[in-house]
Amino acid sequence: MILYGVLVAFALVAPVIFYPVFLMKVLCFALFAIAFNLLLGYVGLLSFGHAAFLATGGYTTGYLLTTYSGFSPEMAIIIATSAATLLGFAFGVVAIRRQGIYFAMITLALAQLVFFFYLQSPFTRGEDGMHGIPRGTLLGFIDLQNNLAMYYFVLAVFIFGFALVQRIVHSPYGHVLKAIKENEPRAISLGYNVDRYKLVAFTISAALAGLAGSVKTIVFQLASLTDAHWHMSGEVILMTLVGGVGTLLGPVIGATFVISLEHQLAQSPVGDWVDVILGVIFILCVLMFRAGFVGEFQKFYKKNFK
């Protein structure tokens, strides 16, 4: 709790030190990585389709705010998150009975269907994407055009998502998820309806991913096919692995590292090699730091100080 308090205090003063829009991008992707980590880190299900939920949240928010004049951003976020939740439930019903590579391939195939739907649908404007999405006024009096006000709203949403996952992980339901990951046949023998537990976890993960996509669209006033592409699903896997799978702070650290690295590399002479460099980092993490930054630190701490 002391560590969380220090991190929240730092987040509150961070806009004084760093550019608020960059910080909001980090927070949005950190929430996306937290959502993905709930599924991979605590249930053991590797999804290659989480970009579909991020994009669904983004496109739904963009459509509502551009089509209906005066539509409030909080209602757009709620509806967009609900749309991502329903899509996650539908994905889960189809995929949840499979495991391992079969589960991953089904989620990838379903996500590609969603990608081509957004590519061909007139309301998404295809490859051009939605531009100039209004931020609007939060609760009728907070002008989100102000980057500082927008930042603290995004921070509040992120803290909500993080606290929700933290509560789930440490609840009796979370302990069952961990048991399913460690030994699914044993969990079945104890009488747990494993498929139902996994479906609920998948749906919650999709909802948080949709929430991240919705907020991200309002921040950048843009919804594009980039969020629906399979590359985005791979990027969130990288963030989670780099930070530490199955740790609460791992996805946050991983997202911060990856987004910061992309930002720095894009402004350097090797800007065209960003994907290659990220690929090398991914390989090194898999080979040398399998527990990620946070996981390796936890192992070092337990070994030397406990």
Side-chain angles (χ1 to χ4, degrees), residues 21-36 47-68 71-91 107 110-136 138 144-145 147 150-151 153-158 160-161 203-236 239 255 258-259 262:
V21 175
F22 171 75
L23 293 175
M24 287 187 278
K25 182 178 181 180
V26 170
L27 289 174
C28 290
F29 278 101
L31 180 58
F32 185 33
I34 288 171
F36 177 79
S47 168
F48 277 115
H50 260 54
F53 312 128
L54 184 78
T56 297
Y59 275 123
T60 304
T61 301
Y63 176 77
L64 291 173
L65 292 178
T66 54
T67 305
Y68 302 101
F71 204 88
S72 65
E74 62 269 22
M75 284 303 300
I77 290 173
I78 291 172
I79 295 173
T81 304
S82 300
T85 303
L86 292 174
L87 183 64
F89 179 80
F91 272 36
T107 55
L110 292 172
Q112 286 301 101
L113 289 176
V114 173
F115 171 80
F116 285 110
F117 170 76
Y118 288 137
L119 176 63
Q120 300 295 332
S121 296
F123 81 93
T124 64
R125 302 170 192 172
E127 295 181 352
D128 294 331
M130 295 180 175
H131 299 270
I133 299 170
R135 287 184 177 180
L138 182 67
L144 295 183
Q145 289 295 336
N147 279 336
M150 186 73 222
Y151 169 78
F153 171 63
V154 174
L155 178 61
V157 172
F158 169 78
F160 164 77
T203 305
I204 295 173
S205 178
L208 289 174
L211 176 61
S214 177
V215 175
K216 176 176 173 290
T217 292
I218 296 177
V219 169
F220 293 100
Q221 302 179 271
L222 167 71
S224 69
L225 283 173
T226 302
D227 290 344
H229 199 269
W230 65 267
H231 181 270
M232 184 62 69
S233 295
E235 191 163 327
V236 75
M239 293 175 185
V258 172
I259 297 301
E262 287 179 344

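Throughout, residue positions are numbered sequentially from 1 according to the sequence presented.
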Which pair of heavy atoms, one from Glu74 and one from Leu138, lies closest together, and at what distance? OE1-CD1, 3.5 Å
Could you tell me whether a side-chain N or O of Ser205 sits under 3.5 Å from a main-chain N or O of Ala35, the two making a donor and an acceptor? yes
Any side-chain heavy-atom pair from Tyr59 and Arg125 closer than 4.5 angstrom? no
Close side-chain approach of Ile259 and Met239, heavy atoms under 4.5 Å: yes
Side chain of Thr60, backbone of Ala80: donor and acceptor closer than 3.5 Å? no
Between the CD atom in Glu235 and the CG atom in Leu54, the distance rounded to the nearest 0.5 Å is 10.0 Å
Would you mind reporting whether Phe158 and Ile34 have side-chain heavy atoms less than 4.5 Å apart? yes
Which heavy atom of Thr61 sits nearest to which heavy atom of Ala76, and what is that distance? OG1-O, 3.8 Å
Can you see which heavy atom on Gly58 is nearest to which on Thr217, and at what distance? CA-OG1, 2.9 Å
Using 0.5 Å steps for rounding, measure from the CD1 atom of Ile133 to the CD1 atom of Ile218. 8.5 Å
Going by heavy atoms in the side chains, are Val154 and Lys25 under 4.5 Å from each other? no
Yes or no on side-chain contact (heavy atoms from CB on, under 4.5 Å) for Val219 and Lys216, after CA distance, side-chain angles and deciding distance? CA-CA 5 Å; Val219 169; Lys216 176 176 173 290; 5.6 Å; no
Do Phe71 and Ile79 pass the side-chain contact (heavy atoms from CB on, under 4.5 Å) test, and can you show the C-alpha distance, the side-chain angles, and the key distance before you say yes or no? CA-CA 11 Å; Phe71 204 88; Ile79 295 173; 3.7 Å; yes
To the nearest 0.5 Å, how far apart are OG in Ser72 and CG in Leu144? 10.5 Å
Looking only at heavy atoms, which two atoms of Ala111 and Gly49 are closest? And how far apart? CB-CA, 3.5 Å
Parallel, tilted or perpendicular: rings of His229 and His231 (30°, 60°): tilted
Of the non-hydrogen atoms in Ser233 and Ala51, which two are nearest, and what is the gap between them? OG-N, 3.0 Å
Evaluate the side-chain proximity of Val157 to Phe153: yes if any heavy-atom separation is below 4.5 Å, no if none is. yes
In the structure I gave you, are the side-chain heavy atoms of Val21 and Phe220 within less than 4.5 Å of one another anywhere? yes
To the nearest 0.5 angstrom, please state how far the CZ atom of Phe117 sits from the OG1 atom of Thr56. 9.0 Å
Heavy-atom side-chain contact between Leu65 and Gln221 under 4.5 Å: no
Evaluate side-chain contact (heavy atoms from CB on, under 4.5 Å) for Met24 paired with Val215, printing each intermediate quantity in order. CA-CA 9 Å; Met24 287 187 278; Val215 175; over 6 Å; no
In short, Phe36 meets Ser47 closest at the heavy-atom pair CE1-O, 3.2 Å
State, with a plain yes or no, whether a side-chain heavy atom of Met75 is found less than 4.5 Å away from one of Leu64. no
Above 12 or not: heavy atoms from other molecules or residues under 6.0 Å from CZ of Phe22? yes
Measure the spacing between OH of Tyr118 and CZ of Phe123 and express it to the nearest 0.5 Å. 6.0 Å
Taking atom CZ of Phe89 as the centre, report whether more than 12 heavy atoms of other residues, nucleotides or ligands fall under 6.0 Å from it. no
Measure the spacing between OH of Tyr151 and CG of Leu27 and express it to the nearest 0.5 Å. 5.5 Å
Strictly distance-based, threshold 3.5 Å: is any side-chain N or O of Thr81 a donor or acceptor partner for the main-chain N or O of Ala207? no
